[in-house]
Amino acid sequence: MDAGFTKSTEVLSGMARRTLIDQCGYRPREIMVFGFGQGGMAGLALARELGIESKGSGDEAWNGEVGPLSGVVSIGAPYSVDGSRVGKNRSPVLLVAGRDSVAVSDDAVRRTKLVFEFVEVSRYARRGDSMPSSREEMLPIMQFFARTLRSRQGVPEGSVELS
């Protein structure tokens, strides 16, 4: 079952590849996606798509750099239901939800873990899947950002990264 993200994922993937990676020179490891609800599902689908090396035609024939993103924060939405299972994506994922979330159920978390290798779940003490509204709700997101975004603090100017 497709959650309706096939076309939007193709568009987002093409924009990310052409604009962020090709034109601006970002590597996938330098891209972080943050989404709420359907935006979170689209972000997870985008991370999955960018982590798969395509050999098709058109935008799918893109043979630039592929790989895991810096991370995906999805508030109130797990990975959509689809049949594709081609290995695990290494983009770190943070699922944020209310304590009684219908969308981010235990089954939905398991489904997301089938697709992504590194999945964390943070649950609000309150009910419902909404944007964080307090320090306690935002703290796990900020900690995720701190762990996954690359810090340049203390790195001498002109240093070269070896990978």
Side-chain angles (χ1 to χ4, degrees), residues 1-98 101-124 128-132 138 140-150 163:
M1 177 175 103
D2 176 31
F5 291 109
T6 304
K7 185 65 177 167
S8 62
T9 301
E10 289 173 9
V11 171
L12 287 172
S13 175
M15 285 186 343
R17 288 175 174 166
R18 283 188 307 275
T19 306
L20 294 176
I21 298 172
D22 290 344
Q23 291 178 0
C24 297
Y26 288 101
R27 296 187 348 229
R29 176 69 182 90
E30 298 169 332
I31 300 171
M32 169 80 70
V33 180
F34 184 100
F36 174 67
Q38 288 181 334
M41 289 180 94
L44 290 167
L46 173 65
R48 175 72 173 160
E49 178 70 20
L50 288 178
I52 297 173
E53 187 170 356
S54 299
K55 299 189 187 324
S57 61
D59 275 343
E60 294 176 14
W62 185 76
N63 53 1
E65 186 174 353
V66 294
L69 300 182
S70 178
V72 180
V73 176
S74 179
I75 298 178
Y79 185 71
S80 64
V81 177
D82 76 2
S84 65
R85 300 279 185 263
V86 184
K88 287 194 175 189
N89 187 293
R90 295 184 54 84
S91 300
V93 172
L94 175 63
L95 294 178
V96 181
S101 175
V102 175
V104 186
S105 63
D106 291 340
D107 286 338
V109 171
R110 275 193 291 278
R111 182 175 65 238
T112 303
K113 287 182 178 181
L114 287 173
V115 176
F116 293 94
E117 191 169 336
F118 308 108
V119 178
E120 287 179 56
V121 179
S122 175
R123 299 220 181 249
Y124 301 146
D129 296 326
S130 60
M131 291 297 283
M138 192 63 191
I141 296 170
M142 298 306 292
Q143 290 171 333
F144 182 80
F145 285 162
R147 282 192 313 273
T148 57
L149 291 175
R150 297 182 345 173
S163 54

Legend entry - side-chain contact (heavy atoms from CB on, under 4.5 Å) evaluation trace for Glu120 with Arg147: CA-CA 12 Å; Glu120 287 179 56; Arg147 282 192 313 273; 2.4 Å; yes

Inset, instruction - Check the pair Ile75, Ile141 against side-chain contact (heavy atoms from CB on, under 4.5 Å), reporting the backbone distance first and the verdict last. - result: CA-CA 10 Å; Ile75 298 178; Ile141 296 170; 4.1 Å; yes

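Annotation: Met138, atom CE; neighbour count of heavy atoms from other residues, nucleotides and ligands within 6.0 Å is above 12.
What you find for Leu94 and Pro140 is that their closest heavy atoms are CD2-O, 3.8 Å. Closest heavy-atom contact between Val109 and Arg123: CG2-NH2, 4.2 Å. The two atoms that bring Val72 and Met32 nearest to each other are N-SD, 4.1 Å, heavy atoms only. When all heavy atoms of Gly43 and Val33 are compared, the closest pair comes out as CA-CG1, 3.5 Å. Of all non-hydrogen atoms in Tyr124 and Met131, the two that sit nearest each other are OH-C, 3.6 Å. Closest approach of Val104 and Pro78 over heavy atoms only: CG2-CD, 4.1 Å.
Separating the CZ atom in Arg18 from the CG atom in Asp22 is a distance of 9.0 Å, to the nearest 0.5 Å. To the nearest 0.5 Å, atom OG of residue Ser13 and atom CG of residue Leu50 are 4.5 Å apart. Atom OG of residue Ser70 and atom CZ of residue Phe145 lie 9.5 Å apart, to the nearest 0.5 angstrom. In this structure, CE in Met15 is found 11.5 Å from CD in Gln23, a value given to the nearest 0.5 Å. A distance of 11.5 Å separates CD in Glu30 from CG in Leu69, rounded to the nearest 0.5 Å. Between the CZ atom of Arg48 and the CZ atom of Phe116 there is a distance of 7.0 Å, given to the nearest 0.5 Å.
Using modelled atom types and a 3.5 Å distance limit, the side chains of Asn89 and Ser91 yield a donor-acceptor pair.
Between the side chain of Thr112 and the main chain of Tyr79, a donor-acceptor pair closer than 3.5 Å is present. Looking at Asp129, its side chain does come within 3.5 Å of a backbone N or O of Gly98 through a donor-acceptor pair.
Considering only heavy atoms from C-beta on, Leu44 comes within 4.5 Å of Ser74 through its side chain.
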